[in-house]
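One structure coming up, written as structure tokens, with questions to follow.
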Amino acid sequence: MSVVTRFAPSPTGFLHLGGARTALFNWLYARHTGGKYLLRIEDTDRKRSTPEAINAILDGLEWLGLSPDETPVYQFSRRERHAEVAAQLLEHGHAYRCYCTPEELAEMRQKAKTEKRSVRYDGTWRDRDPADAPEGIEPVVRFRAPRSGKTIIKDAVQGTVTIDNSDLDDLIMLRADGTPTYMLSVVVDDYDMRVTHAIRGDDHLTNAFRQTQIFQAMDWQPPIFAHIPLIHGPDGTKLSKRHGALGIEAYREMGYLPEAMLNYLCRLGWSHGDDEFFSMDEASSWFEIADVNKGASRIDFDKLTNLNAKYIDASPNERLLNLIAPDIEKRTGKPLNDETRRRLSEGMNSLKQRAQKVSELIDNSLFYCVSRPLDYSEKATRNFDYASRSRLSSLLPKFAAVDDWTQDVLEKLVKSHIEDTGEKLGEIAQPLRIALTGTTVSPGIFEIAAVLGKEETIGRIEDAIAPP
RNA sequence: GACCCCAUCGUCUAGAGGCCUAGGACACCACUCUUUCACAGUGGAGACACGGGUUCGACUCCCGUUGGGGUCGCCA
């Protein structure tokens with residue numbers, strides 16, 4: 001039987017890192033086995049599901065390259081089928097109507113809490129004569145869960161997990177308004193979609209028991225469950241907004257590359273020996289659920305950033321150029337012309353080597369794109385003193401006399417210049433850097449001068465030594 | 001509180017009883033390279049939570065303790 005996996009987010013917020021990794025593992029496993037990877041939007045909670053969230057999830061997945069193999073299934077659109085299954089369950093005595101009001105249930109929970117008992121539905125209506133039904137109250141439909149015995153799950157990650165049925169209560173399958181709840185919908189949809197492997201967060205482990213019971217009541221074969229450990233925040237608790245947990249699109253905006261995100265997420269809870277830096281093609285050929293760890297892992301932004309730097313460095317210049325172009329145009333307020341494009345692509349090799357994020361690449365590339373006179377950074381202004389000015393003045397005529405304007409020639413020229421003057425290289429290189437870039441940090445200064453061209457270089461030096 | 005799960009450097013992890021003097025990556029600290037910042041390279045510091053078993057031999061298996069996490073909604 002061919003593998004079918006699914007990612008089943010509820011559209012109540014953005015696609016966060018945990019969700020992205022769950023999607024990734026499902027994708028990876030489907031790719032590894034030559035199976036299918038599906039997406040199901042679990043929007044049965046009409047109050048909290050939003051179209052914005054759906055878009056955020058779809059866009060996020062697309063950015064990561066984790067779009068589903070088939071058109072997404074919207075769970076709410078299948079509500080009639082869910083209700084039909086509930087009716088069947090009702091008919092066969094696997095479910096019953098419960099007339100408790102939400103207020104009564106809240107009271108029940110409160111009481112259980114104060115008496116320090118476990119908080120479960122007490123089964124008031126489980127065996128009660130439906131004739132007792134109070135007037136004017138729309139009932140919910142509850143699953144008649146087995147009261148004794150055990151439910152066992154053979155989880156592909158967690159191993160065999162057993163729970164006493166007495167620890168579970170009768171969950172609600174149909175709300176008072178007749179709409180299905182998550183617990184029922186998941187079972188029906190996983191069955192109807194022929195899902196073979198439900199790879200999802202560890203926080204669903206308890207649900208898996210309830211769902212298994214429903215599968216059993218319907219006499220359906222449940223999928224193989226694989227409960228992957230959660231991603232925790234730096235403090236070791238479930239990742240949440242409190243940790244500044246953001247949607248995947250925020251990472252995109254911060255300047256992370258999708259392949260870096262993927263590579264990083266992949267290494268959280270899964271590993272293949274000592275491999276750290278690898279493509280998703282490699283990962284999918286290696287990916288076995290058995291290699292997924294059981295313990296939760298914490299997010300480590302330093303490592304993500306480090307990986308991102310590696311991916312930026314490994315990216316083709318053309319791609320980076322296209323990536324940064326829109327932002328650069330926004331920052332300079334003018335479209336990128338051929339000359340700036342040329343400069344950027346010639347300078348990109350050194351530029352990309354020192355950027356950890358795309359946003360940094362943009363910052364550091366800007367000096368190639370702005371027109372004279374340059375704005376100097378505060379530090380640059382502070383470090384550009386009288387001596388700097390006079391050093392550049394004495395170098396300027398030599399630059400002006402150069403015909404063969406190459407990095408090599410310029411470097412030799414400056415080196416012989418300092419032999420004449422007795423200056424240290426840094427004493428001339430740093431002012432030159434400020435003149436050419438407006439900053440104190442940049443790629444090699446001779447490369448920059450070469451890329452900038454003779455006219456622009458000389459112009460920038462003249463700007464720098466001109467009286468303020 | 002009840003139930004379930006987990007436990008190797010600060011973090012992510014390798015480790016399937018002898019291969020372990022516990023390996024790699026990030027971060028950290030030195031040094032090298034060097035015109036700045038990076039990159040790169042070399043080296044360093046840094047962990048098997050604890051206690052019992054089992055075994056000739058436990059990071060690896062079993063039990064307990066401790067610690068951490070998750071779940072207990074007409075949310076998903």
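Note on naming: letters A, B, ... go to the chains in the order of the sequence lines (proteins, then strands), and numbering restarts at 1 for each one.
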Practice problem: Indicate, with a heavy-atom threshold strictly under 4.0 Å, whether A:H204 touches base, sugar-phosphate, or nothing. | Solution: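 Touches a base.
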
Quiz prompt | Pair A:N26, A:H197: side-chain N/O donor-acceptor within cut-off below 3.5 Å | solution =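 A:N26 vs A:H197: no donor-acceptor pair found between side chains.
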
Quiz prompt | Pair A:R120 + A:D167, salt bridge at N-O below 4.0 Å | solution =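 A salt bridge links A:R120 with A:D167.
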
Look for any protein N or O under 3.5 Å of an N or O in nucleotides 42-49 of chain B and output each such pair with its distance, or none.
none

Quiz item: Looking at residues at least two apart in the chain, or sitting in another chain, which of them share a salt bridge (charged side-chain N to carboxylate O under 4.0 Å, His left out) with A:E288?
Solution: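 Salt bridge (charged side-chain N to carboxylate O under 4.0 Å, His left out) list for A:E288, sorted by chain: empty.
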
Quiz item: Partner of B:C26 by Watson-Crick or G-U wobble geometry, both contacts under 3.5 Å, or none?
Solution: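 The answer is B:G10, by the H-bond criterion.
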
Quiz item: Side-chain donor-acceptor pair under 3.5 Å between A:N317 and A:S345, yes or no?
Solution: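 A:S345 and A:N317 do not have a side-chain donor-acceptor pair below 3.5 Å.
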
Quiz prompt | Test of ring centre spacing under 6.0 Å for A:Y37 and A:Y29 | solution =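 Between A:Y29 and A:Y37, which both carry aromatic rings, the centre distance is not below 6.0 Å.
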
Practice problem: Can you tell me, in whole Å, how much space there is between the C1' of B:G67 and that of B:A40? | Solution: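 Pairwise C1' distance, B:G67 against B:A40, rounds to 41 Å.
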
Quiz item: Can the positive tip of A:R97 be found less than 6.0 Å from the middle of the six-membered ring of A:Y99, inside 45° of the ring normal?
Solution: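 The answer is no; the distance or angle limit is not met.
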
Quiz item: Taking only residues two or more places apart in sequence or in another chain, which ones pass side chain to side chain donor-acceptor pair (under 3.5 Å) with A:D385?
Solution: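 With neighbours one apart ignored, the set is A:S388.
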
Self-check item: Those residues of residues 179-189 of chain A lying under 4.0 Å from RNA chain B by at least one heavy atom
Solution: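 A:T181, A:Y182, A:M183 - these, ordered by number, are the residues of the stretch whose heavy atoms sit under 4.0 Å from the strand.
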
Quiz item: Do A:H204 and A:Y182 have their ring centres less than 6.0 Å from each other?
Solution: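 Under 6.0 Å, so yes.
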
Self-check item: Nucleotide forming a Watson-Crick or wobble pair with B:C3, both distances under 3.5 Å
Solution: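 Answer to the pairing question: B:G70, which forms a Watson-Crick or G-U pair with B:C3.
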
Practice problem: Identify whether any heavy atom of A:I428 sits under 4.0 Å from a base atom; if not, whether one sits that close to sugar-phosphate; answer base, sugar-phosphate or nothing. | Solution: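 A:I428: no heavy atom of the nucleic acid under 4.0 Å.
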
Quiz item: So, is A:R120 close to the B:A2 phosphate, meaning a side-chain N or O under 4.0 Å from OP1 or OP2?
Solution: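 Answer is no, no contact under 4.0 Å.
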
Quiz item: Is any side-chain N or O of A:S271 closer than 4.0 Å to OP1 or OP2 of B:A14?
Solution: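 Yes, such a contact exists.
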
Quiz item: Out of B:C12, B:A76, B:C74, which nucleotide sits closest to the side chain of A:R142?
Solution: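 The answer is B:C74, which lies nearest to the side chain.
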
Quiz item: B:A14 and B:C3: how far apart are their P atoms, nearest whole angstrom?
Solution: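 Per the computed distance, 31 Å lies between those P atoms.
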
Quiz item: Taking the same atom, P, in B:C48 and in B:A22, what whole-Å distance lies between them?
Solution: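 Approximately 10 Å lies between the P atom of B:C48 and that of B:A22.
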
Quiz prompt | Nucleotide B:C74, atom C1' - distance to CD1 of A:I137 in whole Å | solution =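 Interatomic distance, CD1 of A:I137 to C1' of B:C74: 13 Å.
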
Quiz item: Contact class for A:Q158 (heavy atom, under 4.0 Å): base, sugar-phosphate, or nothing?
Solution: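 If one applies the 4.0 Å heavy-atom cut-off, A:Q158 turns out to touch the sugar-phosphate alone, with no base involved.
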
Practice problem: Give, ordered by number, those residues of residues 160-172 of chain A having at least one heavy-atom distance below 4.0 Å to an atom of RNA chain B; if nothing qualifies, reply none. | Solution: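 Under 4.0 Å from RNA chain B: A:V161, A:T162, A:I163, A:D167, A:I172.
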
Exercise. Produce a footprint string for nucleotides 20-37 of chain B: one letter per nucleotide, 5' end first; B if the base is under 4.0 Å from any protein heavy atom, S if only the sugar-phosphate is, - if neither.
Key: ---BBBBS-------BBB

Quiz prompt | A:Y311: partners by side chain to side chain donor-acceptor pair (under 3.5 Å), with sequence neighbours left out | solution =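 Only A:N263 meet the side chain to side chain donor-acceptor pair (under 3.5 Å) criterion with A:Y311.
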
Self-check item: Proximity to RNA chain B (any heavy atom under 4.0 Å), residues of residues 147-157 of chain A only
Solution: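 Listed by number, there are none.
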
Exercise. Looking at every strand, decide which applies to A:C100 at a 4.0 Å heavy-atom threshold: base, sugar-phosphate, or nothing.
Key: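 Since a base atom lies under 4.0 Å of A:C100, the category is base.
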
Quiz item: For A:R126, does the CZ atom sit with more than 12 other heavy atoms under 6.0 Å from it, leaving out its own atoms?
Solution: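 Above 12, so yes.
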
Expected list for residues 39-47 of chain A: side-chain donor-acceptor pairs under 3.5 angstrom, two or more places apart:
unit_1, atom_1, unit_2, atom_2, d
A:R40, NE, A:E42, OE2, 2.7
A:R40, NH1, A:D190, OD1, 2.8
A:R40, NH2, A:E42, OE2, 2.9
A:R40, NH2, A:D190, OD1, 3.2
A:E42, OE2, A:Q75, NE2, 3.2
A:D43, OD1, A:Q75, N, 3.2
A:D43, OD1, A:F76, N, 2.7
A:D45, OD1, A:K47, N, 3.1
A:D45, OD1, A:R48, N, 3.4
A:D45, OD2, A:R48, NE, 3.1
A:R46, NH1, A:D43, O, 2.6

Quiz prompt | Listed partners of A:R81 passing salt bridge (charged side-chain N to carboxylate O under 4.0 Å, His left out), at least two apart | solution =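 Residues passing salt bridge (charged side-chain N to carboxylate O under 4.0 Å, His left out) with A:R81: A:E84, A:D192.
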
Exercise. Could you tell me whether the side chain of A:S271 and the main chain of A:R267 form a donor-acceptor pair under 3.5 Å?
Key: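 No, because the side chain of A:S271 does not come within donor-acceptor range (under 3.5 Å) of the backbone of A:R267.
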
Quiz prompt | Partner residues of A:K150 under the side chain to side chain donor-acceptor pair (under 3.5 Å) criterion, sequence neighbours left out | solution =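 Checked A:K150 against side chain to side chain donor-acceptor pair (under 3.5 Å); matches are A:D164.
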
Quiz item: Applying a 3.5 Å limit to both distances, which nucleotide forms a Watson-Crick or G-U wobble pair with B:A38?
Solution: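 By the stated definition (distances under 3.5 Å), nothing pairs with B:A38.
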
Please set out all donor-acceptor pairs under 3.5 angstrom arising from side-chain atoms of residues 302-309 of chain A, sequence neighbours excluded.
unit_1, atom_1, unit_2, atom_2, d
A:K303, NZ, A:E276, OE1, 3.3
A:T305, OG1, A:Y256, OH, 2.9
A:T305, OG1, A:F301, O, 2.8
A:N306, OD1, A:K310, NZ, 3.3
A:N308, OD1, A:L257, N, 2.8
A:N308, ND2, A:G255, O, 3.0
A:N308, ND2, A:Q356, O, 2.7

Self-check item: Residues A:R460 and A:E456 bridged, charged N to O under 4.0 Å
Solution: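 Between A:E456 and A:R460 there is a salt bridge, with a charged N closer than 4.0 Å to a carboxylate O.
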
Practice problem: Kindly state whether the ring of A:Y96 and the ring of A:W125 have centres lying under 6.0 angstrom apart. | Solution: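 When the ring centroids of A:Y96 and A:W125 are compared, they turn out to be at least 6.0 Å apart.
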
Quiz prompt | d(CG, A:D291; C1', B:G15) in whole Å | solution =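 That distance rounds to 12 Å.
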
Self-check item: Distance test, side-chain N/O of A:S297 to OP1/OP2 of B:U11, below 4.0 Å
Solution: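 No, because none of the side-chain N or O atoms of A:S297 sits under 4.0 Å from OP1 or OP2 of B:U11.
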
Practice problem: Sticking with atom P, work out how far B:C50 lies from B:U8, rounded to a whole angstrom. | Solution: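 It works out to 12 Å between them.
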
Quiz prompt | Within 45° cone and under 6.0 Å: A:R210 NZ/CZ vs A:F143 ring | solution =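 So A:R210 doesn't make the cation-pi contact.
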
Quiz item: Mind checking who B:G46 pairs with, Watson-Crick or G-U wobble, both distances under 3.5 Å?
Solution: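 Partner of B:G46: none.
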
Self-check item: B:C72 versus B:G57 - spacing of their C1' atoms, nearest Å
Solution: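 That atom pair is separated by 45 Å.
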
Exercise. Could you check whether A:N293 gets within reach of a base, just the sugar-phosphate, or nothing at all, counting any heavy atom under 4.0 Å?
Key: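 Contact class for A:N293: sugar-phosphate only.
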
Quiz item: Say you pick atom C1' in B:G73 and the same atom in B:C28; how far apart are they, in whole Å?
Solution: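 After rounding to an integer number of Å, I get 46 Å for this pair.
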
Practice problem: Using only side-chain N and O atoms of A:K294, determine if any of them is under 4.0 Å from OP1 or OP2 of B:C5. | Solution: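 A:K294 to B:C5 OP1/OP2: no side-chain N or O under 4.0 Å.
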
